[in-house]
Chemist: 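For reference, the structure I am asking about is given below.
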Amino acid sequence: MRNLEKTHLAAGSNRGSLGVYMRTLRAIFNKAIKHGIVKEELYPFKQYTIRKSEPFRRALQEEDLKTIIGANLKKGSALSKARDFYLASIYLRGVNWMDMALMKISDIEGDFERINYKRHKTGKPFSVKVIPQVRQILQNLNGDLNYKSNQYLFPILKPEDEGNRIPLKIENRRRKLNKTLKELAGQLEIKTFTIYSARHTWATLSKRKGIPTAGIQEGLGHATEQQTQTYLDSFGSEVLDRYNDMVFGNL
């Protein structure tokens, strides 16, 4: 178990993802012992404890996001496409990379007015308004909006991509995208970010604009407010000072 931990962390992964794998493995062991497949004395989690880690704050600051939006990038370049994918995720209420990859033209309502889809992870239905920025990004990535009926909305998968290997292909393209986003961050001289941070960024920006946590929870599709809180950065003291002024300014 400790060798597995060392290998995982040495590969650049964090304790959050390690905990997911270890808890899954523990559940399998427990089930195997229950069914008599594995002897109880071979249970490795008696000596190994799954350590928890504080959630890493992944959200970009608003200034960094403005830098990304305003960057002068060559149209059609890898950097430009990576930016478009990242911004599309934010504009679509922090949509997950897997869900964005699986969106199809059949998910479009009307003349690109809304996107209706089901979350791959939970099956929960979502309906998101297509704002002008998203429409422009789709034009940037696809050349036009004359989709074929079986075409994926974003050019992450191809119509011929079918079968059990689709999740692996999406994961591989996510890794490639994150490398490009890291390159983009270096070029713009901002902190490194990944496509997953788009979800945190949308949540944190929404919080700072005054959207209640319950609304953010619904937007992200979380079952509990506690789950949503792990996505939110804490307010800085200067923001809290302004809120305090708003409360007592006229008293």
Side-chain angles (χ1 to χ4, degrees), residues 8-21 51-101 131 133-134 136-137 140-141 154 156 170-211 213 216-217 219-220 222 226-243:
H8 181 87
L9 297 177
S13 299
N14 57 41
R15 288 201 173 274
S17 60
L18 175 66
V20 173
Y21 292 127
R51 286 187 283 174
K52 295 182 179 180
S53 60
E54 288 297 318
F56 176 67
R57 302 301 182 183
R58 302 174 178 86
L60 286 179
Q61 297 297 316
E62 188 170 355
E63 295 75 15
D64 290 341
L65 182 58
K66 288 180 179 179
T67 298
I68 294 170
I69 294 173
N72 185 17
L73 304 175
K74 183 179 179 181
K75 189 175 180 179
S77 67
L79 291 177
S80 177
K81 290 179 180 179
R83 174 179 62 180
D84 281 345
F85 282 129
Y86 184 79
L87 294 178
S89 178
I90 295 178
Y91 294 147
L92 293 172
R93 296 203 320 237
V95 64
N96 181 275
W97 173 250
M98 175 71 75
D99 295 330
M100 189 160 69
I131 63 175
Q133 293 94 320
V134 173
Q136 183 60 55
I137 285 172
N140 293 344
L141 293 172
F154 291 91
I156 300 168
I170 294 174
E171 172 64 15
N172 289 338
R173 287 160 195 176
R174 181 188 66 82
R175 291 178 184 273
K176 184 178 180 180
L177 172 65
N178 282 339
K179 288 182 180 179
T180 308
L181 290 175
K182 183 177 181 179
E183 181 183 345
L184 177 61
Q187 182 171 309
L188 299 179
E189 298 182 343
I190 61 176
K191 76 172 185 176
T192 301
F193 62 98
T194 67
I195 185 63
Y196 192 64
S197 76
R199 196 162 167 79
H200 289 258
T201 300
W202 178 82
T204 297
L205 286 176
S206 297
K207 177 182 176 182
R208 290 177 178 271
K209 297 296 183 182
I211 297 176
T213 302
I216 301 172
Q217 176 186 335
L220 293 173
H222 287 162
Q226 182 180 9
Q227 188 179 4
T228 304
Q229 288 295 346
T230 64
Y231 277 69
L232 300 175
D233 278 339
S234 299
F235 282 130
S237 59
E238 74 285 351
V239 178
L240 296 177
D241 288 343
R242 290 202 301 270
Y243 283 176

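Index from 1, following the sequence. This one's a predicted model, so the numbers in the text were calculated from it and none came from an experiment.
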Chemist: Nearest 0.5 Å please: distance from the CD atom of Glu183 over to the CG atom of Leu188.
Modeler: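 Those atoms lie 10.5 Å apart.
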Chemist: Taking all atoms of both residues into account, what is the closest heavy-atom pair of Ala82 and Leu181, and its distance?
Modeler: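 Scanning both residues, the minimum pair turns out to be O-CD2, 3.6 Å.
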Chemist: About how many Å separate CD1 of Ile90 and CZ of Phe85, when rounded to the nearest 0.5 Å?
Modeler: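 Atom-to-atom, Phe85:CZ and Ile90:CD1 are 14.5 Å apart.
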Chemist: Between atom NZ of Lys81 and atom CG of Asn140, what is the distance when rounded to the nearest 0.5 Å?
Modeler: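 Here the rounded value is 10.5 Å.
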Chemist: Any donor and acceptor pair, going by atom type alone, linking the side chain of Thr201 with main-chain N or O of Leu60 inside 3.5 Å?
Modeler: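 Yes, Thr201 side chain to Leu60 backbone: donor-acceptor pair under 3.5 Å.
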Chemist: To the nearest 0.5 Å, what is the distance between CG (Leu141) and CG (Asp84)?
Modeler: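 With rounding to 0.5 Å, CG (Leu141) is 4.5 Å from CG (Asp84).
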Chemist: For the atom pair CG (Leu205) and CD (Gln61), what is the distance rounded to the nearest 0.5 Å?
Modeler: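 It is 9.0 Å, given to the nearest 0.5 Å.
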Chemist: Checking the side chain of Ser197 only, and the main-chain atoms of Phe193 only, is there a donor and an acceptor separated by less than 3.5 Å?
Modeler: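 Side chain of Ser197 to backbone of Phe193, a donor-acceptor pair under 3.5 Å: no, none is there.
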Chemist: When you measure from the side chain of Thr180 to the backbone of Lys176, do you find a donor-acceptor pair of N or O atoms at a distance under 3.5 Å?
Modeler: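 Side chain of Thr180 to backbone of Lys176: a pair is present.
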Chemist: Taking only residues two or more places apart in sequence, or in another chain, which ones meet Glu171 in a salt bridge (charged side-chain N to carboxylate O under 4.0 Å, His left out)?
Modeler: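 Glu171 satisfies salt bridge (charged side-chain N to carboxylate O under 4.0 Å, His left out) with Arg174, Arg175 once adjacent residues are dropped.
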Chemist: Could you check whether any side-chain heavy atom of Trp202 comes within less than 4.5 Å of a side-chain heavy atom of Leu92, counting everything from C-beta outward?
Modeler: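 Trp202 does not reach Leu92 side chain to side chain.
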Chemist: We want to know whether Thr194 and Tyr86 form a side-chain donor-acceptor pair, criterion being a heavy-atom distance below 3.5 angstrom.
Modeler: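 Side-chain D/A pair, Thr194 to Tyr86: absent.
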Chemist: Taking the side chain as C-beta and beyond, is there a heavy-atom pair between Tyr196 and Asn178 under 4.5 Å?
Modeler: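 No, every pair of side-chain atoms sits at 4.5 Å or beyond.
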Chemist: Kindly list each side-chain donor-acceptor pair under 3.5 angstrom involving residues 93-100, sequence neighbours excluded, with atom names and distances?
Modeler:
| unit_1 | atom_1 | unit_2 | atom_2 | d |
| --- | --- | --- | --- | --- |
| Arg93 | NH1 | Ser127 | O | 3.4 |
| Asn96 | OD1 | Met98 | N | 2.8 |
| Trp97 | NE1 | Ile170 | O | 3.1 |
| Asp99 | OD1 | His120 | N | 2.7 |
| Asp99 | OD2 | Arg119 | NE | 2.8 |

Chemist: What side-chain donor-acceptor pairs closer than 3.5 Å can you find for residues 64-78, not counting sequence neighbours?
Modeler:
| unit_1 | atom_1 | unit_2 | atom_2 | d |
| --- | --- | --- | --- | --- |
| Thr67 | OG1 | Glu63 | O | 3.0 |
| Ser77 | OG | Lys74 | O | 2.7 |
| Ser77 | OG | Ser80 | N | 3.2 |

